Amino acid sequence: MTSSPSEAALLREATFDLLRGVNAYTRSPLMKGLAGVVSRHPEAEISVAFNHKQVACKMWARDAVFETLGGEIGSILILGGWYGVLAAMFFDDSRFDIDRIASVDIDGNVGAVAQTLNAAWIDRFSAITADMYALPYHDHKADLVVNTSCEHIADLRAWLDLLPKGTRVLLQSNDYFSEPTHISCVASLEAFREQALLSRVLYAGSLPQKKYTRFMLIGEV
Ligand SMILES: C[S@@+](CC[C@H](N)C(=O)[O-])C[C@H]1O[C@@H](n2cnc3c(N)ncnc32)[C@H](O)[C@@H]1O
């Protein structure tokens, strides 16, 4: 069912009011950022990027990072970062001490949204529009490189080969083959390990969801 332009505007206003209320009640900079996105970027599909399944996958990533690497992370480089939800969730988590997060995406429409979502931490956050296959990784010197969009890129191993040897990485993929934008899904955690061929694996796990299973690896290239 599609809504008329005026209905869409009313719905957006109601969502904005609700998120402002949630922010007033929780005093959460992340909720304030979400309200800002709803108000300033009506075209952004933030309700998809911040739905309960996406949030669960990113909370799982945060917990696994904390358990395997601890909270003193330094700088994080996120590839295929979309609207910057994972960056905001890392900044919002008081267990972590993070110097900087750069969120890279090939889509020129998402960077401004990521900046709005991460407004509370803008001195430590940057959104970059670039192809992850064309970045000077040896200059970035990130302490942790994150790619939770592995199902969206054509050749995971070719991308990993661009990173300096020993780089710490967190990777997520899934077995959601029926989604047309998923060009590189894997059937199992074992298949994901074989696809990534990390030199050291510190964490490997699966998170079953209703329609698919998400896989995660933390280790070194
Ligand atoms: C749907 S989103 C994120 C999905 C993932 N499950 C997540 O929440 O992290 C996938 C993102 O990867 C980006 N992307 C795809 N190929 C890319 C590339 N070569 N370089 C940078 N970003 C890329 C897309 O533009 C998109 O924003």
Side-chain angles (χ1 to χ4, degrees), residues 30 33-34 37 41 43-65 76-93 101-118 125-137 139-140 142 144-163 167 169-187 189 192 195-196 203 205-218 221:
L30 180 46
L34 273 178
V37 170
H41 307 280
E43 74 297 341
E45 293 185 301
I46 195 67
S47 63
V48 179
F50 206 81
N51 72 29
H52 69 281
K53 292 166 284 183
Q54 292 283 356
V55 167
C57 293
K58 289 171 179 65
M59 288 173 70
W60 179 44
R62 273 193 328 194
D63 290 346
V65 167
I76 304 179
L77 181 63
I78 301 179
L79 290 317
W82 205 9
Y83 296 132
V85 169
L86 182 58
M89 287 178 61
F90 267 122
F91 282 129
D92 194 51
D93 188 331
I101 301 181
S103 183
V104 176
D105 203 287
I106 200 167
D107 182 346
N109 296 314
V110 299
V113 182
Q115 301 266 14
T116 300
L117 185 65
N118 285 275
F125 176 78
S126 50
I128 300 165
T129 302
D131 182 348
M132 71 173 87
Y133 286 95
L135 279 181
Y137 290 100
D139 300 343
H140 267 283
L144 177 64
V145 172
V146 175
N147 188 342
T148 59
S149 299
C150 295
E151 69 274 17
H152 289 268
I153 63 167
D155 189 340
L156 175 62
R157 192 54 238 183
W159 169 69
L160 287 167
D161 282 339
L162 301 172
L163 306 181
T167 300
V169 292
L170 179 153
L171 310 172
Q172 284 190 357
S173 188
N174 61 45
D175 62 359
Y176 199 177
F177 288 92
S178 59
E179 165 58 47
T181 60
H182 291 175
I183 56 175
S184 210
C185 283
V186 283
L189 182 60
F192 192 31
Q195 189 189 47
Y203 176 97
S206 303
L207 184 70
Q209 306 265 285
K210 201 171 172 187
K211 291 187 182 163
Y212 60 91
T213 298
R214 186 156 275 272
F215 310 112
M216 177 160 62
L217 299 172
I218 298 176
V221 292

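These figures come from a predicted structure and were not determined experimentally. Note that the numbering runs from 1 along the sequence shown for the chain. We count ligands from 1, going down the list as the structure has it; atoms in each ligand are counted the same way.
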**Prompt:** Any donor-acceptor pair under 3.5 Å linking the side chain of Tyr133 with the backbone of Asp155?
**Reply:** yes
**Asked** Which residue owns the protein heavy atom closest to atom 8 (O) of ligand 1, what's the atom, and how far is it?
**Response** Lys58 NZ, 2.6 Å
**Item:** Numbered atoms of ligand 1 (with element) below 4.0 Å of Ala130, judged on heavy atoms
**Value:** 20 (N), 21 (C)
**Prompt:** Of the protein's non-hydrogen atoms, which lies at the shortest distance from atom 19 (N) of ligand 1, and what is that distance?
**Reply:** Asp131 OD1, 2.9 Å
**Request:** Return yes or no for this condition: an N or O of Asp105 is under 3.5 Å from an N or O of ligand 1.
**Result:** yes
**Complete:** Looking only at protein heavy atoms, what sits closest to atom 22 (N) of ligand 1 is Ile106 N, 3.2 Å
**Whether Asp93 side chain and Phe90 backbone form a donor-acceptor pair below 3.5 Å** = no
**Item:** Residue, atom name and distance, where the atom is the protein heavy atom closest to atom 20 (N) of ligand 1
**Value:** Met132 N, 2.9 Å
**Prompt:** Looking at atom 16 (N) of ligand 1, what's its closest protein heavy atom, distance included?
**Reply:** Ile153 CG2, 4.0 Å
**Prompt:** Parallel, tilted or perpendicular for Phe192 and Phe215, by the 30°/60° rule?
**Reply:** tilted
**Any donor-acceptor N/O pair, Tyr203 side chain to Val65 backbone, under 3.5 Å** = no
**Asked** Counting each atom of ligand 1 from 1 as listed, which ones have a heavy atom of Glu151 under 4.0 Å away?
**Response** 5 (C), 6 (N)
**Request:** Look only at the side chain of Ser184 and the backbone of Ile153, and say whether a donor-acceptor pair between them is shorter than 3.5 Å.
**Result:** yes
**Complete:** Quick note on ligand 1: atoms under 4.0 Å from a heavy atom of Arg214 include exactly 6 (N)
**Message:** Between ligand 1 and Gln54, is the shortest N or O to N or O distance under 3.5 Å?
**Reply:** yes
**Item:** From CA spacing to verdict: side-chain contact (heavy atoms from CB on, under 4.5 Å), Ile101, Asn118
**Value:** CA-CA 10 Å; Ile101 301 181; Asn118 285 275; over 6 Å; no
**Asked** Starting from atom 10 (C) of ligand 1, which protein heavy atom do you reach first, and at what distance in Å?
**Response** Ser149 OG, 3.4 Å
**Message:** With side-chain contact (heavy atoms from CB on, under 4.5 Å) as the criterion, how do Ile76 and Ile78 come out once you've worked through the C-alpha distance, each side chain's angles and the decisive distance to 0.1 Å?
**Reply:** CA-CA 6 Å; Ile76 304 179; Ile78 301 179; 3.8 Å; yes
**Donor-acceptor contact below 3.5 Å, side chain Tyr137 vs main chain Met132** = yes
**Message:** Can you report which non-hydrogen protein atom sits closest to atom 9 (O) of ligand 1, along with the distance?
**Reply:** Thr148 OG1, 2.4 Å
